[in-house]
Structures are given as C-alpha cells and as structure tokens.
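Structure, as structure tokens:
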Amino acid sequence: MKKAFLILLGLSVLTLTGCQTQNHVKDGEGTSFSALWKTYSHCNTGDTLDQMSHDAQILRTAASHSRSLDGFVIPLPIKIERLVSAPSARLAVDVKAMAASCSLRAGQAAAQVGHIEMARSLFESVLEYRPQAEYAYYSLQAKAALLNLDNPAITVSLHH
C-alpha cells in the first residue's frame, strides 16, 4: 500500500512539475501575443498607408505561420505516452481575424488615396479566408470593397 502511494505521489509530482516548467509554445520573432496585439492596435490607429500595409503583412504572415510544438515533452512511460497527445498551440485571439480586419482597414485607406492596385491586393488577401465560416464577415466586406473598386460610383456634375 505504501509503495503504491509513493509511486502515485511520484508520478503526480513529476507530471505537475513537468507541466509547470515546459514551454508549450515557442514564440518566433514578433509572433508573441503582445507583439501581434501591438501590431494590430498600430494598424487600427495608423496614420500612414505604408505602415498600415506593413502591419497587415505582419499579421497575415503570423496567421499563415504554423506553430510547432518541438519543445513539448512529458516524461511518461511508453505505454501511457502513446495515449497522450500534445496540446494544440493557440493564442488568446484569432490572428486571422486580426489580419483580415487590418487588411480591410489598410485597403480602405489605399482606395481613399487612389492606390487602387494596393487596395485590390489587400482586399483579395482577405478572401483567402473565405472557406471558413467564421471569416464570412470579413470576406463580405472585402467583396463589397472590390466591387466598389471595379464599379466606382458615377459622378455627375452640372456645369452652367
């Protein structure tokens, strides 16, 4: 009885300390939550088109970057280890949604100053998320913006 208790206690301590000391997600340069949120916030308050476009590119790159769990190790017996799967890497926010939102904002700014090709490129980048229902809002906004680029409103002026 005492031996079973010590084994159980040892496994519990090993599991708990292993979970506390492991770095489950390896952050690449600029892909931490703080860096991505700062980039997204900067895009929303950005005043120059170049900076907003650069922020959108950073977020799109982070959204498409697959995160690996190379450093995740739980020391378990082989019979138990094959039953345990590694946890998925997640950030606290949806980076694709942040990238889509920033791209829409940058595209609108580009269209307002007459950089139509840049605006088109930014809006089209949002359409890459189209198959996923959770990005339907952004896709609809991008499609509407692209239609406005292709069919600008007719301006009528009266000269007397």
Side-chain angles (χ1 to χ4, degrees), residues 14-76 78 80-155:
L14 184 61
T15 302
L16 291 175
T17 57
C19 290
Q20 297 298 320
T21 60
Q22 291 294 324
N23 183 11
H24 299 288
V25 177
K26 291 182 177 180
D27 288 331
E29 183 180 328
T31 60
S32 68
F33 169 76
S34 301
L36 292 174
W37 188 255
K38 183 177 179 181
T39 301
Y40 175 69
S41 297
H42 189 260
C43 179
N44 283 332
T45 59
D47 53 354
T48 67
L49 177 58
D50 290 336
Q51 188 58 50
M52 289 177 11
S53 178
H54 179 70
D55 291 341
Q57 179 59 43
I58 290 170
L59 291 169
R60 282 194 309 272
T61 300
S64 64
H65 185 301
S66 64
R67 303 172 72 85
S68 68
L69 295 172
D70 296 335
F72 184 76
V73 177
I74 296 178
L76 295 173
I78 294 174
I80 297 175
E81 187 175 316
R82 59 189 159 100
L83 300 174
V84 178
S85 62
S88 62
R90 290 187 64 181
L91 290 174
V93 296
D94 187 349
V95 181
K96 285 183 181 179
M98 291 187 340
S101 175
C102 182
S103 295
L104 284 173
R105 179 157 163 46
Q108 291 165 350
Q112 286 176 349
V113 294
H115 295 320
I116 303 303
E117 289 309 311
M118 179 186 272
R120 184 180 313 284
S121 174
L122 287 161
F123 293 140
E124 287 174 349
S125 72
V126 175
L127 296 179
E128 294 173 9
Y129 308 130
R130 180 181 4 177
Q132 299 167 344
E134 59 267 24
Y135 306 110
Y137 169 79
Y138 301 108
S139 294
L140 289 173
Q141 295 294 315
K143 286 178 184 178
L146 284 168
L147 281 175
N148 285 337
L149 289 179
D150 292 334
N151 301 317
I154 298 172
T155 306

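Throughout, residue positions are numbered sequentially from 1 according to the sequence presented.
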When you check the side-chain N and O atoms of Arg105 and Gln108, is any donor under 3.5 Å from an acceptor?
->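 Checked: Arg105/Gln108 side chains show no N/O donor-acceptor pair below 3.5 Å.
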State whether a side-chain donor-acceptor pair under 3.5 Å links Thr61 with Gln57.
->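 Indeed, the side chains of Thr61 and Gln57 share at least one donor-acceptor pair under 3.5 Å.
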Within a strict 4.5 Å, meaning less than it, do heavy atoms of the Phe123 and Gln141 side chains meet?
-> no
Are Leu49 and Met118 close enough that some pair of their side-chain heavy atoms sits under 4.5 Å apart?
-> yes
Any donor-acceptor pair under 3.5 Å linking the side chain of Ser121 with the backbone of Glu117?
-> no
Looking only at non-hydrogen atoms, find the nearest pair between [X] and [Y] and report the distance.
X: Ala109; Y: Met52; value: CB-CE, 3.3 Å
X: Leu127; Y: Ala142; value: CD2-CB, 3.9 Å
X: Leu149; Y: Ala111; value: CD2-CB, 3.9 Å
X: Tyr135; Y: Asp94; value: OH-OD2, 2.6 Å
X: Ala56; Y: Leu122; value: CB-CD2, 4.2 Å
X: Lys96; Y: Ala63; value: CG-CB, 3.6 Å

Between [atom1] on residue [X] and [atom2] on residue [Y], distance to nearest 0.5 Å:
X: Leu59; Y: His54; atom1: CG; atom2: NE2; value: 10.0 Å
X: Ser101; Y: Asn44; atom1: OG; atom2: CG; value: 5.5 Å
X: Glu128; Y: Ser139; atom1: CD; atom2: OG; value: 10.0 Å

